[in-house]
S.K.: 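Below you will find the structure I want to go over with you.
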Amino acid sequence: MQLVRKLVVLTAVGFVLTGCQNNLVINEPAPAATQAPRQISHTAHATVDEAESLETDRQSVANDDLWQLTRDHMQLHLDSAYPRLQKQFDWYKKHPEYMQRVTNRAGRYYYYILNEVIARDMPAEIALLPIVESAYDPFAYSYGRAAGPWQFIPGTAKHFGLKSSWWYDGRRDIIASTDAALTYLQQLHRRFDDWELALAAYNCGGGTVSKAIRRNKAKGLETDFWSLDLPKETRAYVPKLLAVSRLIRDAEQSNLTLTPLANKPVFEQVELDSQIDLAQAAELSDISTQELYQLNPGFNRWATDPDGPHRLLIPTATAEQFRQQLATLPADQRVNWSRHKIRQGDTISTIAKQYKTTSAVIRQANKLSSNTIRAGRYLLIPSAKHESSEYSLSQSQRFNRKQNQLASSNRTKISYRVKSGDNLWSIAQQHKVSVRELTAWNQIAPGDLLPIGHTLTLWKNGQQAVLSRSDEQMIKRIGYSVRNGDSLSTIANRFSVTVSDIKRWNKLEQSRYLQPGQNLTLYVDITEVN
């Protein structure tokens, strides 16, 4: 900004000097007039040269620093005097540590997202929207079942082609979710021909904004964002983005220190032609498995999705090394395959549990149309190459952490051996737990058959377990405000938790009814909810 101000001042001085000297030329005798143009020319050239130098310096800064590149491509009205905007700006300005934290977190993704925004000729402020949506945390999950950096809810995600499977959630994929979010915002902008209204619609839905516009038109009122009667969250949502953008623009004047972000790629997209174990991919690219997950947060398990997307984001510095080593690794060596001989009494579900996978994965790998299997035949089971602790988002790792949490609480562990005639519902009723709890504790699905003699684990009468720091990526603590018509059962189903969990987490009395507006605390596994 200082460079811009200097350029403006020098340009203005140049105009003043040129104007004054022209007047002198008109009024001076001929000899002075003959000399004056040489002085004017010298002064003008000096001013232009200095201005060009400053512009070159400014452009150099823009070319090197993503924050300056952001400022150069801002398009929104950031200096409006609306109280809602000023309130948000004051909050962000008073919390520089928050801004430093989220902008640091953005470092992995900001180059890609900002350049995608600029390539579409969209306001650069859009690249800052994930600060408002998710604090630039790709693992963020909200009470509205929104996930990922752009906070897509399941329905909208499906509409924009974001895939969701046991292996993968496109809402958390940096490439896929960014493409979907920008496409959605462009559609909304074409619809409303106004970026503030488009942003509002991204938050509360196009239909809600259209209804508010129709209401104002019927009353003869203005139909800009600031004049509309929109939901409370949306009324604050757009001002938040404008406030963040203004603070980024005026960081120096606002005493905000932004960690410089180099204007160069952080990662490259490497195309795959098959599924690959993520720990193995991390080794090939010479980074930690944790860093690989941070760059590829869409993958839920220990490997990429066998049905795609067939790509990984790899740090630029090691991408070529990864490509070269991947080229020498045959596809059948990129994932471990175990050959399992089916024994009498085996079911797909028991085999899946043995190999820490799912019935669906086994069916898919063996092209089975049902769960019917025959003793004596063989199944190929894809499995992880390393210990589960290497895969911070794998199903077995989450399961182990949950068991450890339960063990460290004051719950009592009970082992139950399945008898003839048992089913999940009857066992749950007998022990006064829910089927959802029972299946979660034992890593089985509600529809799985229970073999006679199989041992189940139950945990009873515990208090809230404290989440460890290692769970923060998968288990999110969220606040939920009870709505009209809500019950413990509907809330539990919405977030894939149990009624007893909600009661335990919030110390609710057995007979107490929920009240609209009541605040609840939930611990949600972001890889298990929709």
Side-chain angles (χ1 to χ4, degrees), residues 1-5 8 66-106 110 113-114 117 122-137 140 142 144 149-151 181 185 188-189 192-205 208-209 212-213 215-216 219 221-259 261 479 481:
M1 293 302 298
Q2 293 296 334
L3 291 172
V4 174
R5 288 198 183 92
V8 172
L66 288 177
W67 299 125
Q68 186 58 48
L69 185 63
T70 302
R71 297 179 188 110
D72 288 348
H73 289 83
M74 286 182 169
Q75 300 178 28
L76 303 184
H77 302 295
L78 306 181
D79 296 308
S80 302
Y82 296 103
R84 277 185 281 160
L85 172 53
Q86 190 61 43
K87 178 182 178 181
Q88 297 297 338
F89 180 78
D90 290 342
W91 187 93
Y92 285 115
K93 188 175 179 180
K94 290 178 182 178
H95 296 83
E97 71 288 346
Y98 173 80
M99 289 298 298
Q100 290 166 1
R101 187 165 62 251
V102 296
T103 52
N104 287 344
R105 188 183 294 145
Y110 195 66
I113 291 176
L114 176 61
V117 168
M122 300 170 74
E125 293 92 333
I126 300 298
L128 301 172
L129 191 58
I131 292 179
V132 178
E133 285 286 358
S134 62
Y136 252 106
D137 178 6
S142 77
W150 298 94
Q151 290 290 279
L185 283 163
L188 292 170
H189 183 253
F192 295 105
D193 196 27
D194 180 282
W195 278 114
E196 290 177 354
L197 293 178
L199 289 162
Y202 186 86
N203 178 253
C204 68
T208 300
V209 174
I213 290 174
R215 286 196 299 266
N216 274 27
K219 297 176 183 178
L221 301 175
E222 297 293 329
T223 58
D224 62 285
F225 165 77
W226 304 98
S227 303
L228 298 181
D229 182 17
L230 294 168
K232 182 179 179 181
E233 178 186 330
T234 307
R235 288 172 61 82
Y237 177 82
V238 176
K240 282 181 180 178
L241 177 62
L242 300 180
V244 165
S245 301
R246 185 201 290 181
L247 192 57
I248 295 294
R249 185 196 66 184
D250 301 338
E252 185 177 343
Q253 299 92 303
S254 301
N255 296 317
L256 173 65
T257 301
L258 293 172
T259 301
L261 295 181
S481 180

S.K.: Closest heavy-atom contact between Leu114 and Ala124?
M.R.: CD1-CB, 4.0 Å

S.K.: Specify the closest pair of heavy atoms between Ala212 and Leu228, including all atoms of both residues, with the distance to one decimal.
M.R.: O-CD2, 3.6 Å

S.K.: Is the distance between the ring centroids of Trp67 and Tyr110 less than 6.0 Å?
M.R.: yes

S.K.: Within this structure, what is the NE2-CD1 distance for the pair His73 and Ile126, rounded to the nearest 0.5 Å?
M.R.: 14.0 Å

S.K.: Looking at CD of Glu97 and OG1 of Thr257, how far apart are the two atoms once the value is rounded to the nearest 0.5 Å?
M.R.: 12.0 Å

S.K.: If the threshold is 4.0 Å, N to carboxylate O, is there a salt bridge linking Lys93 and Asp250?
M.R.: no

S.K.: Would you sort out whether Arg105 and Asp137 count as a side chain to side chain contact (heavy atoms under 4.5 Å, CB included), showing the intermediate values?
M.R.: CA-CA 7 Å; Arg105 188 183 294 145; Asp137 178 6; 4.0 Å; yes

S.K.: Quick check: does any side chain N or O of Arg249 sit under 3.5 Å from a backbone N or O of Leu78, one acting as donor and the other as acceptor?
M.R.: no

S.K.: Do Arg246 and Tyr92 pass the side chain to side chain contact (heavy atoms under 4.5 Å, CB included) test, and can you show the C-alpha distance, the side-chain angles, and the key distance before you say yes or no?
M.R.: CA-CA 10 Å; Arg246 185 201 290 181; Tyr92 285 115; over 6 Å; no

S.K.: Between Glu222 and Asn216, what is the shortest heavy-atom contact and its length?
M.R.: O-ND2, 2.6 Å

S.K.: Within a reach of under 6.0 Å around NE2 of His95, are more than 12 heavy atoms found that belong to other residues, nucleotides or ligands?
M.R.: yes

S.K.: Are Phe192 and Phe225 packed together at the side-chain level, in the sense that at least one heavy-atom pair is separated by less than 4.5 angstrom?
M.R.: no

S.K.: How are the rings of Tyr202 and Tyr237 set relative to one another: parallel (under 30°), tilted (30 to 60°) or perpendicular (over 60°)?
M.R.: parallel

S.K.: If you compare all heavy atoms of Leu128 against all heavy atoms of Leu241, which two are closest, and at what distance to 0.1 Å?
M.R.: C-CD1, 3.9 Å

S.K.: Out of curiosity, Trp91 CH2 to Lys87 NZ, how far, rounded to the nearest 0.5 Å?
M.R.: 12.0 Å

S.K.: Measure from the side-chain N and O atoms of Ser227 to the backbone N and O of Thr223, and report whether any donor-acceptor pair falls under 3.5 Å.
M.R.: no

S.K.: Got a second to check how far Asp90's CG is from Leu85's CG, nearest 0.5 Å?
M.R.: 9.0 Å

S.K.: Got Met99 and Val244 here, is their nearest side-chain heavy-atom distance under 4.5 Å?
M.R.: yes

S.K.: Should Lys240 and Glu133 count as side-chain neighbours, where that means a heavy-atom distance under 4.5 Å?
M.R.: no

S.K.: Where is the tightest heavy-atom contact between Ala135 and Val102, given as atom of each residue plus distance?
M.R.: CB-CG1, 3.7 Å

S.K.: Is any side-chain heavy atom of Glu196 closer than 4.5 Å to a side-chain heavy atom of Asp224?
M.R.: no

S.K.: Within the 4.5 Å heavy-atom criterion, are Cys204 and Val209 side-chain neighbours or not?
M.R.: yes

S.K.: Do Leu230 and Val238 have side chains that approach each other closer than 4.5 Å (heavy atoms only, starting at C-beta)?
M.R.: no

S.K.: Can you label the angle between the Trp195 ring and the His189 ring as parallel, tilted or perpendicular, going by 30° and 60°?
M.R.: parallel

S.K.: For residues Leu76 and Pro123, report the shortest heavy-atom separation together with the two atoms involved.
M.R.: CD2-CG, 3.9 Å

S.K.: Within the 3.5 Å criterion, strictly below it, is a donor on Thr234 or Asn203 matched to an acceptor on the partner's side chain?
M.R.: yes

S.K.: Got a sec: does the CD of Gln75 have more than 12 other heavy atoms crowding it under 6.0 Å?
M.R.: yes

S.K.: Would you say Ser254 and Leu247 make side-chain contact, with heavy atoms under 4.5 Å?
M.R.: yes

S.K.: Should Trp150 and Pro130 count as side-chain neighbours, where that means a heavy-atom distance under 4.5 Å?
M.R.: yes

S.K.: Atom CE of Met74 and atom CD1 of Ile248: how far apart are they, to the nearest 0.5 Å?
M.R.: 7.0 Å

S.K.: Out of curiosity, Lys219 NZ to Asp229 CG, how far, rounded to the nearest 0.5 Å?
M.R.: 7.0 Å

S.K.: Given side chain to side chain donor-acceptor pair (under 3.5 Å), test Asn104 with Thr259 step by step and report yes or no.
M.R.: CA-CA 7 Å; Asn104 287 344; Thr259 301; 2.7 Å; yes

